[in-house]
Student: 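Before anything else, here's the structure in question.
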Amino acid sequence: MSLRLGDIAPNFTADTTQGTIDFHEWLGTSWGMLFSHPADFTPVCTTELGKTALLKDDFAKRGVKVIAVSVDDLDSHSKWVPDIEEVNGVTVNFPIIADADRNVATLYDMIHPNASEKATVRSVFIIGPDKKIKLTLTYPASTGRNFTELLRVIDSLQLTSNYQVATPADWKEGEDTIVVPAVSTEDAITKFPKGVRVVKPYLRYTPQPNK
Ligand code: BEZ
C-alpha cells in the first residue's frame, strides 16, 4: 500500500554519494525532503539536481535536509555528478542514494509500473522532525518539478505545524493566513492579536502570526 500523510517515513540503510546512511539517523531532528529521479544521465534530472544544489541556502534556512534517490549504482552517480556540476555551475552538496536494488524505491512506492517498469516517477516526500510524512507529490518523468513550489509548501507546512492557521490558494511567505475551523472567531481574536478579518463565519483571515 502506498504511503499516506501522517505515516512514519520508512527507515532504510543506503549507500549514497556522501557515504552509507541510516535514513532516520541522517535526518536527526531536521525536516527532510526525499525525492526520486528516473535515472542517471537524463536531461530533466540533471536540471533538477542542479537547481536543488543552487537552492542549498534556501533549504538550509528552513532547516530541511535534502536527499535524492535514483535506481542506479554509486559508480554511475559518481560519474554523473560532475556533469550536473558543470552544466549548472554548482557543487552538488547533498547526498544521492544509490538504489540499484530498488529498496528505497519500493519502500516509498516510487515505481509506477504503468508509467515505467524500470524507472521511478518523480516522487517528493517532505518529512517532519517527528519522521512523519507531511507532503507527497508525484510528477511524471517528463515534467521537472517546480522548486519554488517545493519551498513554498515547506513554508506552509512549517508555519501550520506551529500555529492554528492554514494557508490559502497560492499563499506565499508573508501573506495573510486563514484561521483553522477548529478555532472559534471569539478565540481567534485572542489568539491572533494582529487582527482577524471575518469574510464568512468559516473564512477568517489573520496576518501571518510569526512575522
Ligand atoms: C529525464 O529525466 O530527463 C527524463 C526521464 C525520462 C523521460 C523523460 C525525461
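Ligands are counted one by one from 1 in listed order, and the atoms in each one are counted from 1 as well.
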Student: What atoms of ligand 1 come closer than 4.0 angstrom to any heavy atom of T42?
Tutor: 1 (C), 2 (O), 3 (O)

Student: So does N162 have more than 12 non-hydrogen atoms from other groups sitting under 6.0 Å from CG?
Tutor: yes

Student: Can you list the ligand 1 atoms lying under 4.0 Å from a non-hydrogen atom of P43?
Tutor: 1 (C), 3 (O)

Student: Please compare S70, A141, A39 and report which has the shortest non-hydrogen distance to atom 7 (C) of ligand 1.
Tutor: A141

Student: Taking atom types as modelled and ignoring hydrogens, do the side chains of E173 and Q208 form a donor-acceptor contact shorter than 3.5 angstrom?
Tutor: yes

Student: When D176 is tested against each of K211, R197, K194 for salt bridge (Lys or Arg N to Asp or Glu O under 4.0 Å), which residue passes?
Tutor: R197

Student: May I ask you to decide whether D7 forms a salt bridge with K132, counting only side-chain N to carboxylate O separations under 4.0 Å?
Tutor: no

Student: Give the residue and atom name of whichever protein heavy atom lies nearest to atom 3 (O) of ligand 1, and the separation in Å to one decimal.
Tutor: V44 N, 2.5 Å

Student: Identify, by atom number and element, the atoms of ligand 1 in contact range of C45, meaning under 4.0 Å from any of its heavy atoms.
Tutor: 2 (O), 3 (O)

Student: How far is atom 2 (O) of ligand 1 from the closest protein heavy atom, and which atom is that?
Tutor: R122 NH2, 2.8 Å

Student: Does NZ or CZ of K65 come closer than 6.0 Å to the centre of the six-membered ring of W26, within 45° of the ring's axis?
Tutor: yes

Student: Counting only heavy atoms, which portion of E48 has something under 4.0 Å from ligand 1: side chain, backbone, both, or neither?
Tutor: neither

Student: Verify the distance criterion only: is there a donor paired with an acceptor across the side chains of D40 and H77 at less than 3.5 Å?
Tutor: yes

